[in-house]
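In what follows, a single structure is set out as structure tokens and then discussed.
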Amino acid sequence: MIWQKEEALSRDEMCALQSKRLVKTVAHVYENVPFYKKKMDDMGLEVGDIRGIEDLNKLPFTTKQDLRDNYPYGMFAVPMKQVVRVHASSGTTGQPTVVGYTQNDLDMWANCMARVLAGMGATDEDIVHNALGYGFFTGGLGFHYGSEKLGATIVPISSGNTKKQVQIMREFESTVLVTTPSYALYMGEYLRNLGIDPRELKLRIGALGGEPWSYEMRGQIEESLGIKAYDSYGMSEIVGPGVGFECTHKNHVHLNEDHFIPEIVDPETLEVLPMGATGEIVFTTVTKEAMPLLRYRTRDITSLVEGPCSCGRTTVRMRKCTGRSDDMLIIRGVNVFPSQIESVLLNLGETAPHYMLIVDRVNNLDTLEVWVEGKEGITFVDGMRHMKEIEKRITAEIHSVLGLQVKVKLVEPKSIERSEGKAKRIIDKRRN
């Protein structure tokens, strides 16, 4: 089902709509966001120079660091009395990245999420089991309000407690599962270990997102849960989930480009690349009021596909992301930067500054192990109790910063692998 007519505009109609909205957005941020006014003034760029999407490449880029530098509300384009909600995510130094929404923003977001669910085949007769986290994380509330906009019944169970999740899915007769791919796969294994046939459940759709996943994992999820699993794409800085989604034809990710104009750029030169080329995807938001962003660098590496889909949508589509242009890890839906770990270690001051992150997947759930070199002089026999206390303090601090359970291992000084004098930072076994 196509939720809104904008999903099926002709290319000329879409370009005209994007141009109109872009011109309005540029004027809005220039007049109300000092950061963008200075950027444009420094470039000698005037509001009148932007007449349509053909001028998009004249605008400045925005990075996550820009959002941190303007913490908490420096990127907002409306007075706080018009901001009805904020979300936030942890930054590389523990400084959150804050995003804000007006009521119109929330209405737009809810419609984008209704598009996601409708595109995956959900209707107002479905019962949506929302196993994503609620709170500062945008995932849970995004799908919550999208489900209500669609007219479906939402079960806001949130994350965790797999036994309870399965019980509620069975008893409430849930038909749509919203969660991360790794947790969906874990649920499937949990059912199998209990001897529960997935056909005993009413589930038919999996709306999955929040972390990278492969087509192979999709097959395993579909088999273990007896569902059709679809990809949902988004990020808090742009709006949250709802930036893009797979339809029932699974023919790449439809982008809601009437709200979020995509570009593909070379991550090194920032040159705009032609349609079909692989590079970093960049978004300009053209309907947000509280916090519009110009040419936001996502760091996700992908390519775009034009042309109508068999579902009837004509929006541009995005191929599955192949990686990132930075070193961010996504562990169970949580964005993790090595520098976050480094900041914790340096602040505690109880270890050497050399560390290594070992990422693995155990029982289809991502795990993160942090190896840290002990300081010179720590004996790894007589000081065992002291070492365990240090590991415990580091573990607790990382959990406080990231909200993620990790395993910390203190290792001998100079024992971490080095290349050209630098410690190797990441071993991601999920890619092997």
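Just so it is clear, the model here is predicted, and its values are computed rather than measured. Nothing fancy with the numbering, it's 1 onward along the sequence.
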Could you list the residues that satisfy ring pair (Phe, Tyr, Trp, His ring centres under 6.0 Å) with [X], not counting sequence neighbours?
X: H87; answer: Y101, W109
X: H259; answer: none
X: F143; answer: none

Under the salt bridge (Lys or Arg N to Asp or Glu O under 4.0 Å) rule, what pairs show up with a residue in [range], not counting sequence neighbours?
range: residues 19-37; answer: R21-D258, K37-D41
range: residues 170-186; answer: R170-E200
range: residues 298-311; answer: R11-E306, D300-R324

| task | List the steps and the verdict of side chain to side chain donor-acceptor pair (under 3.5 Å) for E189 and S224. | result | CA-CA 7 Å; E189 292 196 346; S224 64; over 6 Å; no

| message | Would E289 and Q82 count as a side chain to side chain donor-acceptor pair (under 3.5 Å) here? Give the steps. | response | CA-CA 9 Å; E289 295 177 337; Q82 295 181 30; over 6 Å; no

Give, for atom [atom1] of [X] and atom [atom2] of [Y], the distance between the pair rounded to the nearest 0.5 Å.
X: E148; Y: T153; atom1: CD; atom2: OG1; answer: 9.5 Å
X: E6; Y: E13; atom1: CD; atom2: CD; answer: 10.0 Å
X: L106; Y: M113; atom1: CG; atom2: CE; answer: 13.0 Å
X: I154; Y: I127; atom1: CD1; atom2: CD1; answer: 11.0 Å
X: F260; Y: T284; atom1: CZ; atom2: OG1; answer: 11.5 Å
X: F76; Y: M291; atom1: CZ; atom2: CE; answer: 6.5 Å

Is there side-chain contact between [X] and [Y], with at least one heavy-atom pair below 4.5 Å?
X: I330; Y: P212; result: yes
X: N256; Y: T315; result: no
X: Y230; Y: I205; result: yes
X: I50; Y: L22; result: yes
X: M275; Y: V316; result: yes
X: I157; Y: Q165; result: yes
X: R393; Y: E389; result: yes
X: V372; Y: V411; result: no

| After noting the C-alpha distance and the side-chain angles of R361 and D366, does the key distance pass the salt bridge (charged side-chain N to carboxylate O under 4.0 Å, His left out) rule? | CA-CA 4 Å; R361 183 165 282 138; D366 291 337; 2.9 Å; yes

| Step by step, would you call E280 with R297 a salt bridge (charged side-chain N to carboxylate O under 4.0 Å, His left out)? | CA-CA 7 Å; E280 180 181 333; R297 295 189 60 188; 2.7 Å; yes

For [X], all residues meeting side-chain hydrogen bond (donor to acceptor under 3.5 Å, both in side chains), sequence neighbours excluded:
X: D107; value: Q103
X: D197; value: R199
X: D69; value: Q65

| message | For the residue pair S236 / S89, report whether a side-chain donor-acceptor contact shorter than 3.5 Å exists. | response | no

| request: Could you tell me which non-hydrogen atom of I281 sits nearest to which non-hydrogen atom of P262, and how far apart they are? | output: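 Shortest heavy-atom contact: CD1-CB, 4.2 Å.
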
| task | Would you name the heavy atoms of G74 and V33 that are closest together and state the gap between them? | result | O-CG1, 3.9 Å

| query | Heavy-atom count around K407 NZ within 6.0 Å, excluding the residue itself: above 12? | reply |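 No, the 6.0 Å shell around NZ holds no more than 12 heavy atoms from other groups.
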
| Neighbour count >12 (heavy atoms, 6.0 Å) for atom NZ, K228 | no

| query | After noting the C-alpha distance and the side-chain angles of R204 and D126, does the key distance pass the salt bridge (charged side-chain N to carboxylate O under 4.0 Å, His left out) rule? | reply | CA-CA 10 Å; R204 63 187 191 87; D126 277 295; 2.7 Å; yes

| query | Any salt bridge between K250 and E222, counting N to O under 4.0 Å? | reply |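 Salt bridge: yes.
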
| message | Tell me whether E246 is salt-bridged to R218, with the criterion being a basic N under 4.0 Å from an acidic carboxylate O. | response | yes

| task | Go through E369 and W371 one step at a time and tell me if the side chain to side chain donor-acceptor pair (under 3.5 Å) criterion holds. | result | CA-CA 6 Å; E369 188 167 328; W371 288 18; 2.7 Å; yes

| query | Given the rule in the side-chain contact (heavy atoms from CB on, under 4.5 Å) test, do L293 and E237 qualify, once you have shown the distances and angles that lead to the verdict? | reply | CA-CA 8 Å; L293 295 180; E237 297 89 337; 4.1 Å; yes

| said: Determine whether Y355 and E373 satisfy the following criterion, side chain to side chain donor-acceptor pair (under 3.5 Å), listing intermediate values before the conclusion. | reply: CA-CA 6 Å; Y355 65 94; E373 286 187 1; over 6 Å; no

| request: Show your working on side-chain contact (heavy atoms from CB on, under 4.5 Å) between I264 and V272 and close with a plain yes or no. | output: CA-CA 6 Å; I264 298 293; V272 178; over 6 Å; no

| Test side-chain contact (heavy atoms from CB on, under 4.5 Å) applied to T62 and M75, step by step | CA-CA 11 Å; T62 311; M75 298 295 287; 4.1 Å; yes

Who passes side chain to side chain contact (heavy atoms under 4.5 Å, CB included) against [X], sequence neighbours left out?
X: K38; answer: D42
X: K5; answer: none
X: T395; answer: V408

| said: If you apply the rule side-chain contact (heavy atoms from CB on, under 4.5 Å), what do you find for I426 with M356, and how did you get there? | reply: CA-CA 6 Å; I426 301 171; M356 183 162 57; over 6 Å; no

| N364 side chain to L185 main-chain N or O, any donor-acceptor pair under 3.5 Å? |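 Looks like no, no N/O pair under 3.5 Å.
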
| query | Do the ring planes of Y186 and Y183 sit parallel (below 30°), tilted (30 to 60°) or perpendicular (above 60°)? | reply | parallel

| message | Checking D360 against R430 for the salt bridge (charged side-chain N to carboxylate O under 4.0 Å, His left out) test, could you report, in this order, the C-alpha distance in whole Å, the side-chain angles of both residues, the deciding distance, and whether it holds? | response | CA-CA 5 Å; D360 204 352; R430 298 174 303 180; over 6 Å; no

